[in-house]
Protein chains: 2
Amino acid sequence: MAKQTITIYDVAREAGVSMATVSRVVNGNPNVKPSTRKKVSDVIDRLKYRPNAVARGLASKKTTTVGVIIPDVTNMYFSSLARGIDDIASMYNYNIILANSDGDSEKEIRVLNTVLAQQVDGVIFMGHQLSAEVRKEIDLTDTPVVLAATLDEQDELPNITIDYEEAIYDSTALLLENGNDKIALVGMDIDAIKQDLNTAGYKRAIEEAGKSFDESLVVKVSSDRKTLEDVNFADIVLETGATAAVVEDDRFAIILLNQLIEKGINIPEDFEIVSAKNSPLIDMVRPRITSITQPLYDLGAVAMRLLTKLMNDEENDEIHITLPYKFSKQDSTK
Amino acid sequence: MAKQTITIYDVAREAGVSMATVSRVVNGNPNVKPSTRKKVSDVIDRLKYRPNAVARGLASKKTTTVGVIIPDVTNMYFSSLARGIDDIASMYNYNIILANSDGDSEKEIRVLNTVLAQQVDGVIFMGHQLSAEVRKEIDLTDTPVVLAATLDEQDELPNITIDYEEAIYDSTALLLENGNDKIALVGMDIDAIKQDLNTAGYKRAIEEAGKSFDESLVVKVSSDRKTLEDVNFADIVLETGATAAVVEDDRFAIILLNQLIEKGINIPEDFEIVSAKNSPLIDMVRPRITSITQPLYDLGAVAMRLLTKLMNDEENDEIHITLPYKFSKQDSTK
DNA sequence: ACAGATTATGAAAATATTTTCAATGGACAT
DNA sequence: ATGTCCATTGAAAATATTTTCATAATCTGT
């Protein structure tokens, strides 16, 4: 970035007006005589002047940039959200600073602070859970932050979610209806908060069916990408004696499915699977997996839309938005 | 973003030194007496001073920010690259401004210009192809740009690639070895340049086997996400009379596989498939698809590393880097 | 103790915009 | 003519840093 070639000053000189006037036409301020507006616009085109967003940001205290914190772009669940965020962001002329956090609390805090140092006008935070430390860090700033598909224990921060408890309840209920007596609940170990909610929905379904909650049917698996494929879910899950499983993450559901089939187990006759989360991944595998389908793109889009409102201090009556989900009955359940 | 709470000026006053000195300690300049360094650092900690990256960028003409242009974050091939880019970027303390382009030339130019307006220190461009118009736009700036997994017809811009021609050659050769007489080549219609290269590798293999290139075996499919699932690849491909296919994109390979199986065709006995591209997707489906495995993460990482060199005007002896690929023989071929 | 060399520090300019406030100019009514 | 009002314009301050250059402080060797 060499000393900027064409500045607002060059345009002003060339057009015979002041910088203030150039600034006005660049920003669409109506208080400019049409003839001067035209004159200035012509010079801008001729010189190919492009306003320096950094100088702008300094002078105006608005960077038209938002920070997006994502556990891992490589995870289709989150990248689908990110796509919704970016589309709405560019619709409102915002740029996205993206940072991967690996869902690691320490890294989340680090990247949050780096995006804040960049003077972003707002932040969208996606995470598996919102840890107390991150929560504290968010409270420290007055830059608006909205959570996308991320639960906050206190439920105070603006967020866009679906009703996870209900979704898990539905999933469990279906498996119960199909006559399964022992149903495993498979989730990630780091998902503490959602986990609890999930466990709640699972528990509620179990108990409403007149059975009692059995802790040993809850299987927690590491989310470490490297070991994803190596862990033998199938054995772990089968050991519980379950004949069906509600799996929180579709990647896990797929791996479980493939491993079970490899063992010669028939899906859904011998074992039923419901995934509590979808991503485009789930459409790729056969037999098709029954799953909760969350409006991923919309979760991101609505989160970004809410953020634009917060950034403009618009009336923010609704800072907690729950989007509806669907239940997609497929071939991994009877 | 209210008037910044704590500025360098506050720290200077509080520590009884000048702004210049605070700037020095913040930037690790060695010309500061250890005792004053300590004094200033203490004040920084006490006041929780966080340097304003925008003011910094204006004064120093470095934003420590790079623009990343990606067709679609939702495409795992590219998001895997993006992850490599981000990891190396944060290793070198750069931030990422991410923009989706949909591989659309007009949008590519638009987002390129918006990231340039943000005064990024460099740009990583990922695309299916590099159109002439985009090429021209890139030539207009002197901000360094590196292409990741994207071919430039003139082969002048810095780029990180694998040998696509060779990869397609290998894929085709295997299918020929397996005794296939008619092999379809399935690719995206927008992939003009790579397409040619692919066609070249395909052609070369065919001709080396003493057969002649048959245009009718080249099947181009739209990359439009919405219609991805609707198009009936299987019929289109089977109509060519082929008994095997080299598919450029793993998403297409998977859809083709699933559609063929649905038709009762046995893979690989009745039909063989090789995917010329991998992404984490490909590991999810059964039977496992034989494919070229590109070092996706590394392509991104190396591209970003090269960009850091270009941004620092280091000796850039190698601006064209070709990474090795592997061939993963699986169950969709005999 | 002193010259010279180095190290440490500060004042002020520079960075490219926006924003505020004052000034100018023209139209229109009197 | 003259004053009033509104639209238009410009000058200069403000924004939070880095950087340059000059000066002050400290050290080193005699």
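Keep in mind the model is a prediction, meaning the values are calculated, not measured. What's counted below: heavy atoms across the whole structure, side chains too, no hydrogens, waters or symmetry copies.
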Looking at B:Glu153 and B:Arg135, does any basic side-chain N land under 4.0 Å from a carboxylate oxygen? no
Fill in: Centroid-centroid under 6.0 Å between B:His128 and B:Phe78 rings
yes
When every non-hydrogen atom of B:Ile319 is compared with those of B:Glu156, the smallest separation belongs to CD1-O, 3.7 Å
Out of C:dG10, C:dA16, D:dT9, minimum distance to the side chain of B:Ser18 belongs to C:dG10
Winner on side-chain proximity to B:Ile8, out of D:dT18, C:dA8, C:dA16, is D:dT18
Picking from C:dG10, D:dT17, D:dG10, the nucleotide nearest the side-chain atoms of B:Thr7 would be D:dT17
The nucleotide from C:dT20, D:dT15, D:dT17 with an atom nearest the side chain of A:Lys61 is D:dT15
note: B:Ile44, atom CD1; D:dT17, atom P; distance rounded to Å ~ 10 Å
Could you walk me through whether A:Lys38 and A:Asp42 satisfy the salt bridge (charged side-chain N to carboxylate O under 4.0 Å, His left out) test, starting with their C-alpha distance in whole Å, then the side-chain angles of each, then the deciding distance to 0.1 Å, before giving a yes or no? CA-CA 6 Å; A:Lys38 165 111 179 59; A:Asp42 288 352; 2.7 Å; yes
### Message
So, OP1 or OP2 of C:dT15: does either fall under 4.0 Å of a side-chain N or O from A:Asn52?
### Response
no
Per nearest nucleotide of DNA chain C, the residue lying toward the 5' end, B:Ala55 or B:Val17, is B:Val17
Side-chain contact check for A:Asn31: nearest option of D:dT8, C:dG10, D:dT17 is D:dT8
Are side-chain heavy atoms of A:Ser80 and A:Arg83 found at a separation under 4.5 Å?
no
Here the distance between atom C1' of C:dT15 and atom CG of A:Asp10, to the nearest Å, is 14 Å
In whole angstroms, the gap separating P of D:dA16 from CZ of B:Arg24 amounts to 21 Å
Rounded to whole Å, the CG-C1' distance (B:Asn27 to D:dT19) equals 11 Å
Picking from D:dT9, C:dT18, D:dG10, the nucleotide nearest the side-chain atoms of A:Met19 would be C:dT18
Is B:Arg13 salt-bridged to B:Asp10, going by a charged N under 4.0 Å from an acidic O?
yes
*asked:* Please confirm whether the shortest side-chain N or O distance from A:Thr36 to OP1 or OP2 of D:dT9 is below 4.0 Å.
replied: yes
Whole-Å distance, B:Arg13 CZ to C:dT9 P, equals 19 Å
Ranking D:dT17, C:dT17, D:dT8 by distance to the side chain of B:Arg56, first place goes to D:dT17
Atom NZ of A:Lys62 and atom P of C:dA16 are separated, to the nearest Å, by 23 Å
5'-most contact on DNA chain C (nearest-nucleotide basis), B:Ser35 vs B:Ala59, goes to B:Ser35
TODO: Would you tell me if any nitrogen or oxygen in the side chain of B:Tyr9 comes within less than 4.0 Å of OP1 or OP2 on D:dT18?
DONE: no
Rounded to whole Å, the NZ-C1' distance (B:Lys33 to D:dA24) equals 11 Å
Has B:Ser23 got a side-chain N or O lying under 4.0 Å from the OP1 or OP2 atom of D:dT17? no
Taken to the nearest whole Å, CD/A:Gln119 to C1'/D:dA16 is 9 Å
Among the nucleotides D:dA16, C:dA16, D:dT19, whichever has the atom closest to the side chain of B:Leu58 is C:dA16
